[in-house]
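Structure, as structure tokens:
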Amino acid sequence: MAKIRFKPPVPDEPELEVDVDPDTTLLEAAEEVGAKVGSSCGGQCACSTCHVYVLAGEDALSDMEDNEDDRLDMAFDVRPESRLGCQARVVRDDAEIVVQISEESLKAWYDEHPSARKASG
């Protein structure tokens with residue numbers, strides 16, 4: 001199994017880790033562990049709310065395809081390590097992957113979960 005660690009963009013949120021099988025997307029892994037990664041389109045590569053930064057283990061993920069690259073044009077603060085969580089799939093089971101959740105994705109998650117925003121103050 002691959003190990004994925006999700007780092008939030010804000011210091012008061014905890015880091016979360018999950019072990020996943022190959023062919024799992026970063027978005028599926030985030031949902032499994034409760035990491036706050038947005039998914040306004042439900043993981044269909046129709047928005048950019050699952051925008052994350054892969055800080056380590058990029059070689060253990062599927063290559064970026066044209067549809068993901070095109071959709072990243074809609075995202076904010078795109079960097080060389082940017083990926084869409086719904087499109088980046090784990091391809092190795094011995095990997096350790098570190099993912100930084102973007103501020104844009106965290107905001108989208110709270111927009112999708114308004115009761116959680118109220119609870120966080």
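Since this is a predicted model, take the numbers as computed values, not measurements.
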Spacing of OG belonging to Ser105 relative to CG belonging to Leu27, to within rounding of 0.5 Å: 8.0 Å

Heavy-atom side-chain contact between Lys7 and Val99 under 4.5 Å: no

Can you confirm whether Glu103 is buried at CD, in the sense that more than 12 heavy atoms of other residues, nucleotides or ligands lie under 6.0 Å from that atom? no

Is the CG atom of Asp63 crowded by more than 12 outside heavy atoms at less than 6.0 Å? no

How are the rings of His51 and Tyr53 set to each other: parallel, tilted or perpendicular (split at 30° and 60°)? perpendicular

Lys3 NZ to Asp19 CG distance, which is reported to the nearest 0.5 Å: 4.0 Å

I want to check something: taking the side chain as every heavy atom from C-beta on, are Thr25 and Cys86 in contact at a cut-off of under 4.5 Å? no

Measure the CE-OG distance between Met74 and Ser48 for me, rounded to the nearest 0.5 Å. 5.0 Å

Taking every heavy atom of Ala46 against every heavy atom of Cys41, the minimum-distance pair comes out as N-SG, 3.4 Å

Of all the heavy-atom pairs spanning Val33 and Phe6, show the shortest one and how long it is. CG1-CD1, 4.0 Å

Tell me, do Asn67 and Gln87 make a side-chain contact under 4.5 Å, heavy atoms counted? yes

Check whether any side-chain heavy atom of Ile97 sits under 4.5 Å from a side-chain heavy atom of Val90, and report yes or no. yes

If you round to the nearest 0.5 Å, how far is CG of Leu84 from OG1 of Thr49? 8.5 Å

All pairs passing salt bridge (Lys or Arg N to Asp or Glu O under 4.0 Å) where residues 38-47 contributes a residue, at least two apart: none

In the structure I gave you, are the side-chain heavy atoms of Val91 and Leu61 within less than 4.5 Å of one another anywhere? no

Glu96 CD to Ile4 CD1 distance, which is reported to the nearest 0.5 Å: 11.0 Å

Not counting sequence neighbours, list each pair that qualifies as a salt bridge (Lys or Arg N to Asp or Glu O under 4.0 Å) and has a residue in residues 37-53. none

Between Cys50 and Arg71, is there a side-chain heavy-atom distance shorter than 4.5 Å? no

Check: Asp23 main-chain N/O paired with Arg89 side-chain donor or acceptor under 3.5 Å: yes

Mind checking whether Ser39 and Glu112 have side chains closer than 4.5 Å, heavy atoms only? yes

Just by modelled atom types, is the Pro8 backbone N or O under 3.5 Å from a matching donor or acceptor in the Glu15 side chain? no

To the nearest 0.5 Å, what is the distance between CD on Glu13 and CD1 on Ile101? 8.0 Å

Just do the side chain to side chain contact (heavy atoms under 4.5 Å, CB included) check on Val37 and Leu26 with the steps written out, would you? CA-CA 9 Å; Val37 174; Leu26 294 179; over 6 Å; no

Within residues 46-60 or reaching into it, pairs that qualify as salt bridge (Lys or Arg N to Asp or Glu O under 4.0 Å) - sequence neighbours excluded: Asp59-Arg92

Between Glu28 and Val20, is any pair of side-chain heavy atoms under 4.5 Å apart? no

